[in-house]
Asks: 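The structure is given below, and queries will be raised subsequently.
Residue numbering restarts at 1 for every chain, and letters A, B, ... go by the order of the sequence lines.
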There are 2 protein chains.
Amino acid sequence: MTYSNITGVKMKKARYHHGDLRHSLIKAARDMIREGGTEAVSLRKLAARVGVSRTAAYHYFKDKNILLCTLAQEGFHIWQEEADRIFLDEKMSHEDRYKAYIRWYMTYALENAEYYDLMFGRAIWKQNMATENLKATAYDVFQKQVAITRQWQKYGVLPAGEDGLRLAQVTWGTLHGLARLLIDGIYSDDSPIDEICDCAANLLMDK
Amino acid sequence: MTYSNITGVKMKKARYHHGDLRHSLIKAARDMIREGGTEAVSLRKLAARVGVSRTAAYHYFKDKNILLCTLAQEGFHIWQEEADRIFLDEKMSHEDRYKAYIRWYMTYALENAEYYDLMFGRAIWKQNMATENLKATAYDVFQKQVAITRQWQKYGVLPAGEDGLRLAQVTWGTLHGLARLLIDGIYSDDSPIDEICDCAANLLMDK
DNA sequence: CCATCAATCTTGACACTGTCAAATTGCGTC
DNA sequence: GACGCAATTTGACAGTGTCAAGATTGATGG
């Protein structure tokens, strides 16, 4: 049914059969995360935004954590698609691809800070709260990282003498650490990202 | 006054004049963080543990965040003292000191995971919630990091060609990133820390 | 067309949280 | 002993996640 909220805007409020509640909840949660981060998302506010009662979501998601894991999983898929665009860009040399990847990683993390925190933050990963689906997705993403790292070793972009798995762990750790320090506000917002990226590239790449 | 709780254990409950409530709250909060992390700390549980009412803490701490910042600040002091032991260890070459520092950093972060998360996590640093005192303390710790990084550049441990500030940012980012990935449970608990540290040393140190 | 049933909700309720303001208590000082 | 003030406690509120019971609605089969 249609009703007007206090701003006079006509809204379609579910009346015992929303029709597509699961998708609406996911979309609204995505918006809320972008606007204010994971901490700003509550099931009651989410339900109000979608126009249902506070416990409607429990029909589709066992609890709040499962909803958040669903969104994190979606985030990993998007992340991987965008990363692949750089990995597979044949207009660049392998060295340039790696440098571009470093810059993209920082830019992506900073421009999608709240989503990055959802994907990689404690709220989900602490106390083994991640769903099996999410763990599988994250595992896949990391396995792709190991594969591309070995490829970069083969092309002489990264040092060939290191174990591929370790190297993938440390290089991701470097980018992740810088991203977190910037996102969390420990490094200031006016830190020169380009110089940091260049320094990181100089340290990680084979000389 | 003295009373017995349900376990029959005599407890000293404040009766409008605890005597040393501020210190007791800090100590109890420290214990709770170690036991269950920042998320497990609530002012009500804390007050119950100390034997006062739920709002007694507001006499000493404006809010919960201020209490947590106080603990984080203390954590930074302890961290710096332990780091200095390695920086100033004259029994080791500078190269060995750096490698020892990397290993110490990982070990410290993993053995003090909940405190590390308090010090470096979003709960405190997000939305500019850190107190001025905490920011000053953290700034000092980072400035010491820049100084020791420049020293390591001078001794040929780290690449001399990089800007000292950038290098400090990136090398800390590397260690921080690895620590977070391990603490948050994204890298599994059985990851071989020694190999990761060796790989990080190989990448960061001047060749 | 109607009865049935299951999906899809809403509502009542509970425990927990942080925080504020008013009220109470106790200590130190005069 | 009175007073003032620090140091509490208590009453209250708004918000949170979640469970179970109940209500509603749409699909289906006879």
Asks: What is the distance from CD of A:E39 to P of C:dT17, rounded to the nearest Å?
Replies: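 The distance from CD of A:E39 to P of C:dT17 comes to 19 Å, rounded to the nearest Å.
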Asks: Do B:N128 and B:K135 meet the criterion of a side-chain donor-acceptor pair at a distance under 3.5 Å?
Replies: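 Result is yes, a qualifying pair exists.
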Asks: Have a look at B:Y187 and tell me which of A:F142, A:W172, A:W125 forms a ring pair (Phe, Tyr, Trp, His ring centres under 6.0 Å) with it.
Replies: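 Result: among A:F142, A:W172, A:W125, A:F142 is the only option passing the ring pair (Phe, Tyr, Trp, His ring centres under 6.0 Å) with B:Y187.
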Asks: Can you name the one residue among B:W79, B:Y98, B:F87 that meets ring pair (Phe, Tyr, Trp, His ring centres under 6.0 Å) with B:W104?
Replies: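 Of the listed options, the one satisfying the test is B:W79.
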Asks: What is the distance, rounded to the nearest whole Å, between atom CG of B:L43 and atom P of C:dC20?
Replies: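 After rounding, the reported distance stands at 11 Å.
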Asks: A:L21 has an atom CG; how far is it from atom C1' of C:dC9, in whole Å?
Replies: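 Interatomic distance, CG of A:L21 to C1' of C:dC9: 9 Å.
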Asks: For B:N133 and B:T131, test the side chains for any donor-to-acceptor distance below 3.5 angstrom and give the result as yes or no.
Replies: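 On atom types as modelled, these side chains do not qualify, holding no pair under 3.5 Å.
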Asks: Going by atom types alone, do B:Y116 and B:H176 pair a side-chain donor with an acceptor below 3.5 Å?
Replies: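 There is such a pair between these side chains.
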Asks: Tell me, for nucleotides 25-30 of chain C in 5' to 3' order, what letter each nucleotide earns: B for a base near a protein heavy atom under 4.0 Å, S for only sugar-phosphate near one, - for neither?
Replies: BSS---
Asks: List the steps, then state whether side-chain hydrogen bond (donor to acceptor under 3.5 Å, both in side chains) holds for B:Y115 with B:E74.
Replies: CA-CA 10 Å; B:Y115 240 89; B:E74 153 187 287; 2.9 Å; yes
Asks: Given that B:R22 and A:V41 both sit by DNA chain D, which one's nearest nucleotide is further toward the 5' end?
Replies: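 Checking each residue's closest nucleotide, the 5'-ward one belongs to B:R22.
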Asks: Calculate the interatomic distance between B:R49 atom CZ and C:dT17 atom P; express it in whole Å.
Replies: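 That distance rounds to 13 Å.
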Asks: Does anything in residues 54-69 of chain A come within less than 4.0 Å of DNA chain D? Heavy atoms only, and list the residues if so.
Replies: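 The answer is A:R54, A:T55, A:Y58, A:D63, A:K64.
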Asks: Using heavy atoms to find the nearest nucleotide of DNA chain D for B:D20 and B:R44 separately, return the residue whose nucleotide is more 5′.
Replies: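 Its nearest nucleotide being more 5', the pick is B:D20.
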Asks: Between B:D184 and A:K126, is the closest basic N to carboxylate O distance under 4.0 Å?
Replies: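 B:D184 and A:K126: not salt-bridged.
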Asks: Please determine whether a side-chain nitrogen of the Lys or Arg among B:D140 and B:K144 lies less than 4.0 Å from a carboxylate oxygen of the Asp or Glu.
Replies: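 Looking at B:K144 together with B:D140, the answer is no, because their closest N to O distance does not fall below 4.0 Å.
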